[in-house]
Amino acid sequence: MTERGTLRVAVVGTGKMGADHVRRLHEVVSGARVSAVVDLDAERAKQIAARIDGCTAYTDPASAMAAADVDAVLIASPGPAHEAALLQAFAHDLPVLCEKPLTPDAASALRVVEAECALGRRRAQVGFMRRFDAEYMKLKSLLGTGQLGRPLMLHNRHRNAASPPFFTSSMLISDSVAHEADVTRWLLGHEITAVTVWRPAPSANAPDDLQDPQFVLFETDGGALSDVEIFVNCGFGYQVRAEAVCERGTARIGDGHAMVTNMAGRWGGTIAQDFVERFADAYDREVQAWVDATRHGRVTGPSVWDGYAAAAVCEAGVRSLEEGGRMPVELVERPALYG
């Protein structure tokens with residue numbers, strides 16, 4: 001770090017998410033600056049680096065991580081590239097914020113767990129940003145008080161206006177329901193033990209061969225059930241909702257009623273159109289928390305183990321989608337490093 005303690009960050013991947021993180025680190029977050037950007041598209045990396053004083057463009061993550069002016073790494077490249085980038089960061093003993101998914105499958109995620117355990121200390125935080133959303137944090141806090149009693153069920157709704165052209169049926173689980181896998185574990189404090197995916201008739205608005213929507217059921221080791229409606233071509237906007245049903249009451253978040261207008265004989269509000277808009281504050285809070293912890297030599301937030309557990313849950317979900325029926329989730333014994 002510089003003499004003033006500013007964390008110098010290399011951002012790996014400058015697509016929609018990575019470019020937004022570059023903006024966030026440059027304009028929103030305090031205590032950090034972007035010292036390097038990495039992208040296979042050299043011209044794109046150069047264009048982004050040119051907007052920031054003292055920022056260098058790279059096409060190779062390892063070269064950026066070896067640079068003298070890089071203290072930490074934010075990985076926002078596509079999921080299949082995460083394992084190599086994480087292992088490179090560990091080799092340079094650099095703290096990491098890695099966007100979800102940790103890796104695309106449980107086997108590669110477990111290799112990352114084992115590599116971090118070999119270091120003997122945590123170096124990576126996984127980007128499950130919903131844990132930093134104000135509404136989710138309120139729900140987590142309320143459940144923690146015990147006022148509502150034991151959680152029995154968790155109902156989740158996850159809707160997108162439209163899916164990107166490359167989306168496949170299995171990606172509804174691995175790229176979208178991964179968030180619900182994490183918040184179910186986090187809110188309830190349970191591990192997910194089995195997954196069942198049902199396939200209703202596809203929406204006429206879904207692209208050909210895309211099974212959309214899907215209905216997912218998680219079973220947990222605490223006896224709770226968590227269901228997820230995933231609908232990525234709903235047409236009207238981006239919605240994320242959750243309702244906890246407990247022994248003595250319920251609590252619901254995500255209704256989006258921050259402001260309701262009345263005009264011209266109509267009442268209503270607006271609906272966010274994508275995840276960047278809906279979770280903008282959560283992303284800001286997540287990255288600021290990572291920077292603050294890293295500057296003090298700590299690693300907090302969702303762990304590599306959380307990333308591995310979500311990957312294992314999603315893998316079971318994809319099997320259920322493709323083969324039908326209930327699929328058990330298989331996890332190795334949790335290492336002591338993760339409590």
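All residue numbers refer to positions in the sequence shown, counting from 1. For the numbers below, each heavy atom of this structure counts, side chains included, while hydrogens, waters and symmetry mates do not.
When the shell of 6.0 Å around CZ of Arg334 is examined, it contains more than 12 heavy atoms from other residues, nucleotides or ligands. The number of heavy atoms from other shown groups lying within 6.0 Å of CD (Glu330) does not exceed 12. For CG of Leu119, the number of neighbouring non-hydrogen atoms (other residues, nucleotides, ligands) closer than 6.0 Å is greater than 12. Within a 6.0 Å sphere centred on NZ of Lys140, heavy atoms belonging to other residues, nucleotides or ligands number more than 12.
With hydrogens and angles ignored, the 3.5 Å screen pairs a side-chain donor or acceptor of His82 with a backbone N or O of Leu102. Judged purely by atom type and a 3.5 angstrom limit, Tyr308 uses its side chain to pair as donor or acceptor with the backbone of Val332. Side-chain atoms of Arg111 never come within 3.5 Å of backbone atoms of Leu87 as a donor-acceptor pair (strictly under, hydrogens ignored). In this structure, Ser176 contributes its side chain and Ile173 its backbone to no donor-acceptor pair below 3.5 Å. The main-chain N or O of Thr184 is never found under 3.5 Å from a side-chain atom of Ser226 such that the two would form a donor-acceptor pair. A donor-acceptor pair under 3.5 Å is absent between the side-chain atoms of Thr14 and the main chain of Gly18, judged by distance alone. Formation of a donor-acceptor pair under 3.5 Å by the Ser169 side chain with backbone atoms of Gln211 is found in this model.
The side-chain heavy atoms of Asp227 and Leu154, taken from C-beta on, include no pair separated by under 4.5 Å. Annotation: side chain of Ser174 is not in contact with side chain of Pro101 (no heavy-atom distance under 4.5 Å). Side-chain contact between Glu180 and Val216: absent, with no pair of heavy atoms (C-beta onward) separated by less than 4.5 Å. Using a 4.5 Å heavy-atom cutoff, the side chains of Pro207 and Ser163 are in contact. At a threshold of 4.5 Å between non-hydrogen side-chain atoms, the residues Cys234 and Asn160 do not count as touching. Using a 4.5 Å cut-off on side-chain heavy atoms (C-beta onward), Asp133 and Arg278 make contact. Residues Leu225 and Glu219 meet the side-chain proximity criterion, which asks for heavy atoms closer than 4.5 Å. Looking at heavy atoms from C-beta onward, Arg157 lies out of side-chain contact with Gln239 at the 4.5 angstrom threshold.
The residues Lys46 and Asp41 are annotated as not salt-bridged, no charged nitrogen and carboxylate oxygen being separated by less than 4.0 angstrom. For Asp182 and Lys100, the salt-bridge test fails: no basic side-chain N is under 4.0 Å from an acidic carboxylate O. Between Arg24 and Asp20 a salt bridge is recorded (basic side-chain N to carboxylate O distance below 4.0 Å). Between Glu116 and Arg121 no salt bridge is recorded (no basic side-chain N to carboxylate O distance below 4.0 Å). Under a 4.0 Å N-O distance rule, the pair Asp53/Arg33 does not qualify as a salt bridge. Checked for salt-bridge contact, Arg8 and Asp71 meet the test: a charged N lies under 4.0 Å from a carboxylate O.
By the criterion of side-chain heavy atoms lying less than 4.5 angstrom apart, applied directly or through intervening Ile, Leu, Val, Met, Phe, Trp or Tyr residues, Trp305 is grouped together with Val313 in one hydrophobic cluster. Residues Leu172 and Val240 are members of separate hydrophobic clusters, defined by side-chain heavy-atom contacts under 4.5 angstrom among Ile, Leu, Val, Met, Phe, Trp and Tyr. In this structure, Met153 is not a member of the same hydrophobic cluster as Ile230, with clusters built from ILVMFWY side-chain heavy atoms closer than 4.5 Å. Val28 and Leu74 are assigned to two separate hydrophobic clusters, defined by single-linkage of ILVMFWY side chains at heavy-atom distances under 4.5 Å. A continuous path of ILVMFWY side-chain contacts below 4.5 Å connects Val228 to Ile192, so both sit in one hydrophobic cluster.
Ring orientation note: the planes of His179 and His158 are tilted relative to one another, at an angle of 30° to 60°. Using the six-membered ring where Trp is involved, Tyr136 and Trp186 have ring planes that are tilted, between 30° and 60° apart.
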Begin from the C-alpha positions of His155 and Thr250 and carry the test side-chain contact (heavy atoms from CB on, under 4.5 Å) through to its verdict. CA-CA 11 Å; His155 302 304; Thr250 68; over 6 Å; no
Intermediate values then yes/no, side-chain hydrogen bond (donor to acceptor under 3.5 Å, both in side chains), Asn233 and Asn205: CA-CA 6 Å; Asn233 288 279; Asn205 296 321; over 6 Å; no
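The shortest non-hydrogen separation linking Ala251 to Leu148 is CB-CD1, 3.9 Å. A pairwise comparison of heavy atoms in Gly254 and Arg241 identifies O-CG, 3.3 Å as the closest pair. Among all heavy-atom pairs drawn from Arg131 and Pro302, the shortest one is CD-CG, 3.5 Å. Among all heavy-atom pairs drawn from Ala64 and Ala10, the shortest one is CB-CB, 4.5 Å.
Legend: ring-ring contact (aromatic ring centres under 6.0 Å, His included) pairs involving residues 13-64, not counting sequence neighbours, sorted by first then second residue: His21-Tyr283.
Within the model, atoms OG of Ser30 and CD of Gln288 stand 3.5 Å from one another, a figure rounded to the nearest 0.5 Å.
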